[in-house]
Amino acid sequence: MVIKRLQKRASNYLKNDFKHDLIAGIIVGLVALPLAIAFGVASGVKPEQGLYTAIIAGGLMALFSGSNFQVSGPTGAFIVVLLGIVNKFGVEGLLVAGFMAGIILILLGVFRFGSVIKYIPYPVVVGFTAGIGVIIFAGQIKDFLGLQFDHRPQGFVETVNLVYHAVGNGINYYSFIVGGVTLAAFFLWKKFNKKFPPAPVALLVGIITGVLFGDKLPTIGNIPAGLPKFQMLDLSFSHLQLLLPAALTIAMLGAIESLLSAVVADGMTGTKHNSNKELISQGLGNIVVPFFGGIPATGAIARTATNIKNGARTRVSAFIHAIVLLLVILVFASYASYIPLAALAAILMTVAYYMSEIPHFVKLFKAPLPDILVLGATFLLTVFVDLTIAVGVGVVLAALLFIKRVSEVPIVSLD
């Protein structure tokens, strides 16, 4: 009886939904391809590690997700945090921190913290996402202009300072042309074609333009074909203790972004996700992927929205997106050396622009003064100090303002 029911459900799915999931999964996979590579490079690791993350973590999270439409993988919001961890602890430290973050996410889901995280104040979310967008944009100027740095910058201020001095030594005009053409292709395609996303098209235009210039501009280099072998991590107590603050930051940011993405999906489809199940799925993906060289992953709002807009019906579409990326790395890895860093920088600049949510940021300046102060504090601390401190201070300020507002509510006595 049970087998017959399963067969009937499978038959109904293949008849009614699979075609829609297949189309959506293929399109999202093509969208995720340039983003996974770009986010890996921008996070301070090898480009293939971004792809491993989208394939392994994205596939696992799709299977166990609390949302039917969530697409997960490396995201722009993580870049600032992950690059900081790589600069301080190296890639090995990042992998261990990602593993620990996965455990924390599972604990958050098991102890049902999903509904709590969703209520982080809106000015705080807008403030830190806008701040991250500014930092990402500044960080891409180097590759967009083909500049050379003596060392990897630590933070926004040093990045701007190094760009200022490097520009004086001259830019690589071939990189600048490729970056400019990629940007133009992105926005022109977005304006005149509403059905297919612009990122893959823009990357293709950037690659073709770069090929015309030969070896006169830097590229991402070679990507090995296939998935990496299993590798052990240094899980000694001293190492875990040292990386715990970084893991907490990854877990909290991952929880916020994945649940925010799930809420956006609910709004677009009229469905309701299971927040605690979603946190557990995010945890599982982040526990497994470091053993294969993958970086921390979370729900991706833009890819999730693309998934929905292209007709996804079930979680299978997100799993198909991971399969598409696997096929790409198996078949086309040898062509990765043609991808210019300037083209990836241009795509990341568009990610930073949309992440900054400038209209929402400006609109919040019409809100009450306390909300403006929370927004400004979170934004400035994110850009000039540290993301973890920014979110912490923003939440504390918002909580204090909430308590103040509640205390000002008049109480009617029945005596």
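Position 1 is the first residue of the sequence; numbering continues from there. Treat the numbers as computed from the prediction; the structure is a model and nothing was measured.
Looking at heavy atoms from C-beta onward, I136 lies out of side-chain contact with S356 at the 4.5 angstrom threshold. Considering only heavy atoms from C-beta on, I250 comes within 4.5 Å of L82 through its side chain. The shortest distance between side-chain heavy atoms of V96 and L235 falls below 4.5 Å. I171 is listed as a side-chain neighbour of L147, based on a closest heavy-atom distance under 4.5 Å. Proximity of L348 to F144: side-chain heavy atoms (C-beta onward) are nowhere separated by under 4.5 Å. Proximity of I79 to I132: side-chain heavy atoms (C-beta onward) are nowhere separated by under 4.5 Å. Side-chain contact between N310 and V28: absent, with no pair of heavy atoms (C-beta onward) separated by less than 4.5 Å. V31 places a side-chain heavy atom less than 4.5 Å from the side chain of P200.
Rounding to the nearest 0.5 Å places NZ of K363 at 12.0 Å from CD of E357. Taking CG from L227 and CG from L330, the interatomic distance works out to 6.5 Å, rounded to the nearest 0.5 Å. Here CZ of F99 is found 7.0 Å from CG of L233. Values are rounded to the nearest 0.5 Å. Taken from CE in M355 to OG1 in T350, the straight-line distance is 10.0 Å, to the nearest 0.5 Å. Note that OG1 of T249 and CG of L243 are 11.0 Å apart. Values are rounded to the nearest 0.5 Å. With rounding to the nearest 0.5 Å, the separation of OG1 in T209 from CD1 in I177 is 9.5 Å.
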Evaluate L33 against L325 for side chain to side chain contact (heavy atoms under 4.5 Å, CB included), listing each step before the verdict. CA-CA 7 Å; L33 176 63; L325 291 174; 3.9 Å; yes
Take L203 and I347 through the side chain to side chain contact (heavy atoms under 4.5 Å, CB included) test and state the conclusion after the steps. CA-CA 8 Å; L203 179 64; I347 290 172; 3.7 Å; yes
Just do the side chain to side chain contact (heavy atoms under 4.5 Å, CB included) check on Y122 and D371 with the steps written out, would you? CA-CA 9 Å; Y122 184 64; D371 290 333; over 6 Å; no
Can you check side chain to side chain contact (heavy atoms under 4.5 Å, CB included) on L162 and K142, steps first, answer last? CA-CA 9 Å; L162 287 176; K142 169 185 175 290; over 6 Å; no
Going through the distances and angles, do Q70 and S261 end up as a side chain to side chain donor-acceptor pair (under 3.5 Å)? CA-CA 7 Å; Q70 181 86 286; S261 177; 2.6 Å; yes
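By the 30° and 60° cut-offs, the orientation of the rings of F186 relative to Y354 is tilted.
Listed for the N161 side chain is no donor-acceptor partner under 3.5 Å among the backbone atoms of V157. Remark: the backbone N or O of L259 is not paired with any side-chain donor or acceptor of E278 at under 3.5 angstrom. A donor-acceptor contact shorter than 3.5 Å links the side chain of S65 to the backbone of S67. Judged by distance alone, with hydrogens and angles left aside, the side-chain atoms of H239 form a donor-acceptor pair with the main-chain N or O of D234 at under 3.5 Å. With E158 contributing its side chain and G155 its backbone, the two residues share no donor-acceptor pair below 3.5 Å. No side-chain donor-acceptor contact under 3.5 Å links N193 to the backbone of W189. Between the side chain of T53 and the backbone N or O of I295 there is at least one donor-acceptor pair closer than 3.5 Å. The backbone N or O of V316 sits less than 3.5 Å from a side-chain atom of T314, completing a donor-acceptor pair. Put simply, the side chain of N286 never gets that close to the backbone of I103: no donor and acceptor are under 3.5 Å apart. In this structure, the side chain of Q49 engages the main chain of G293 through a donor-acceptor pair within 3.5 Å.
Sparse packing is recorded around OH of Y335, with 12 or fewer heavy atoms of other residues, nucleotides or ligands lying under 6.0 Å away. Atom OH of Y353 has 12 or fewer heavy atoms from other residues, nucleotides or ligands within 6.0 Å. Other residues, nucleotides and ligands contribute only 12 or fewer heavy atoms inside 6.0 Å of the NZ atom of K46. Other residues, nucleotides and ligands place more than 12 heavy atoms under 6.0 Å from the CZ atom of F230. Heavy atoms of other residues, nucleotides or ligands lying less than 6.0 angstrom from CZ of F176 number 12 at most. Environment of CD in Q148: sparse, with no more than 12 heavy atoms of neighbouring residues, nucleotides or ligands closer than 6.0 Å. Sparse packing is recorded around CZ of F319, with 12 or fewer heavy atoms of other residues, nucleotides or ligands lying under 6.0 Å away. Taking a 6.0 Å sphere around NZ of K277, one finds it holds more than 12 heavy atoms contributed by other residues, nucleotides or ligands.
Paired with T271 under the rule side chain to side chain contact (heavy atoms under 4.5 Å, CB included), one option of D266, I308, N68 passes, and it is D266.
Side-chain rings of F384 and F156 approach one another, their centers coming within less than 6.0 Å. The ring of F128 has its center no closer than 6.0 angstrom to the ring center of F379.
Shortest non-hydrogen contact noted between G66 and S281 is N-OG, 4.5 Å. Across A318 and V71, no two heavy atoms sit closer than the pair CB-CG2, 4.1 Å. Across every non-hydrogen atom of T306 and P197, the tightest pair is CG2-CG, 3.7 Å. Contact detail for L341 and V41: the closest heavy-atom pair is CD2-CG1, 4.2 Å. Smallest separation of non-hydrogen atoms from P290 and G98: CG-C, 4.2 Å. Here the shortest heavy-atom pairing between A185 and A202 reads CB-CA, 4.1 Å.
Side chains of S72 and Q282: a donor on one and an acceptor on the other come within 3.5 Å. A side-chain N or O of S317 and one of N307 form a donor-acceptor pair less than 3.5 Å apart. Defined by atom type and a distance below 3.5 Å, a donor-acceptor pair is present between the side-chain atoms of D21 and Y13. No hydrogens or angles considered: a donor-acceptor pair under 3.5 Å links the side chains of T75 and E257.
In this structure F18 satisfies the ring pair (Phe, Tyr, Trp, His ring centres under 6.0 Å) test with no other residue, sequence neighbours excluded.
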